[in-house]
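Structure record follows, encoded as structure tokens.
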Amino acid sequence: MLITIAILGGTGKEGKGLAYRWAKAGYRVLIGSRSLEKAQAAAQELKTLLAHTSIPSYYLEGTDNLTAAQSADIVVLTVPYAAHRETLESVKSALTGKILVDVTVPLVPPRVTKVQMPPAGSAAQEAREILGEGVEVVSAFQNISYEHLLHDEPVECDVLVCGTSKEARAEVLKLVAAAGLTGWDAGPIENSVVIEGLTSMLIHINKQYGSTQAGIKLTGASNEINSLQSRPTS
């Protein structure tokens, strides 16, 4: 069975980067947006980038957020924090029984270099409160610089994965590996406060030291996840 991934808010840089990686790995990817036209334009842009490959054109499609969520096996949320609650509430009915991968970071402009967590503790925990226990919520990919994702170069940054169950985290770790990244099971969803908070710190480091690609890399532990590269059919 071909696995379908919906990326809500997928017209942004992070969403398009992940879509490119997963489509290239053989997943069917739906780009979701509030604007159908923007979603279709983003899908066409990615098809052009993948034109030199053997990936079928139907592996990438653009549609509205709700249709994307309804049609997917796994849903990924890449919207700015200001649109986090509204987007989740608009697709809540389509997420029951599925995994939601929340990439959102609660950045509050203009002070994006300062950690500012919501009352729920983190964006991922807020998503769990909104969606209820019928949805597995996993937090991942917050600290990956999008500049690398749309190219075939290696990404020198690890992905920490937190979530509501070990099984859900394991599924998302397969997506991490399929994107050519190194992932780590970082425990329950409550730990997402650390991962999301790291983003503001990395933004500060980028500004302080004139970079755009600061990331994190774990040392001192053995990780064999990337030797188990996920295939999109199972």
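Below, all heavy atoms of this structure are taken into account, side chains as well, without hydrogens, waters or symmetry copies.
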>> Donor-acceptor pair, distance only, cut-off 3.5 Å: does the side chain of T78 make one with the backbone of L8?
In response: yes
> How close do K16 and G10 get, heavy atom to heavy atom, and via which atoms?
Replying inline: CG-O, 3.2 Å
> If Ile, Leu, Val, Met, Phe, Trp and Tyr residues are connected whenever their side-chain heavy atoms lie under 4.5 Å apart, and connections chain through other members, are L131 and V91 in the same group?
Replying inline: yes
> Does I7 belong to the same Ile/Leu/Val/Met/Phe/Trp/Tyr cluster as V159, with side-chain heavy atoms less than 4.5 Å apart forming each link?
Replying inline: yes
> Is any side-chain heavy atom of V176 closer than 4.5 Å to a side-chain heavy atom of F141?
Replying inline: yes
> Does E61 come within less than 4.0 Å of R28, counting only side-chain N to carboxylate O?
Replying inline: yes
>> Set out, in order, the CA-CA distance, both residues' side-chain angles and the distance that settles salt bridge (Lys or Arg N to Asp or Glu O under 4.0 Å) for K174 and E171, then state yes or no.
In response: CA-CA 5 Å; K174 293 177 185 178; E171 288 302 310; 3.1 Å; yes
>> Has D102 got a side-chain atom pairing as donor or acceptor with V138's backbone, closer than 3.5 angstrom?
In response: no
>> Checking T199 against N143: is there a side-chain donor and acceptor pair closer than 3.5 Å?
In response: yes
> For the side chain of E196 and the backbone of A124, is there at least one donor-acceptor N/O pair under 3.5 Å apart?
Replying inline: yes
> Is a side-chain donor-acceptor pair under 3.5 Å present for Q116 with Y81?
Replying inline: no
> Step by step, would you call I130 with R85 a side chain to side chain contact (heavy atoms under 4.5 Å, CB included)?
Replying inline: CA-CA 8 Å; I130 294 168; R85 177 174 291 273; 3.5 Å; yes
> Do I216 and W184 share a hydrophobic cluster (ILVMFWY, side-chain heavy atoms under 4.5 Å, transitive)?
Replying inline: yes
>> Consider side chain to side chain contact (heavy atoms under 4.5 Å, CB included). Of T4, V172, L175, which one does I74 pass it with?
In response: L175
>> Has K98 got a side-chain atom pairing as donor or acceptor with A94's backbone, closer than 3.5 angstrom?
In response: yes
>> Testing V112, L107, T113 one by one against S200 for a side chain to side chain contact (heavy atoms under 4.5 Å, CB included), which residue passes?
In response: L107
>> Can a donor-acceptor pair be found, under 3.5 Å and without considering hydrogens, that links the side chain of N191 to the backbone of A186?
In response: yes
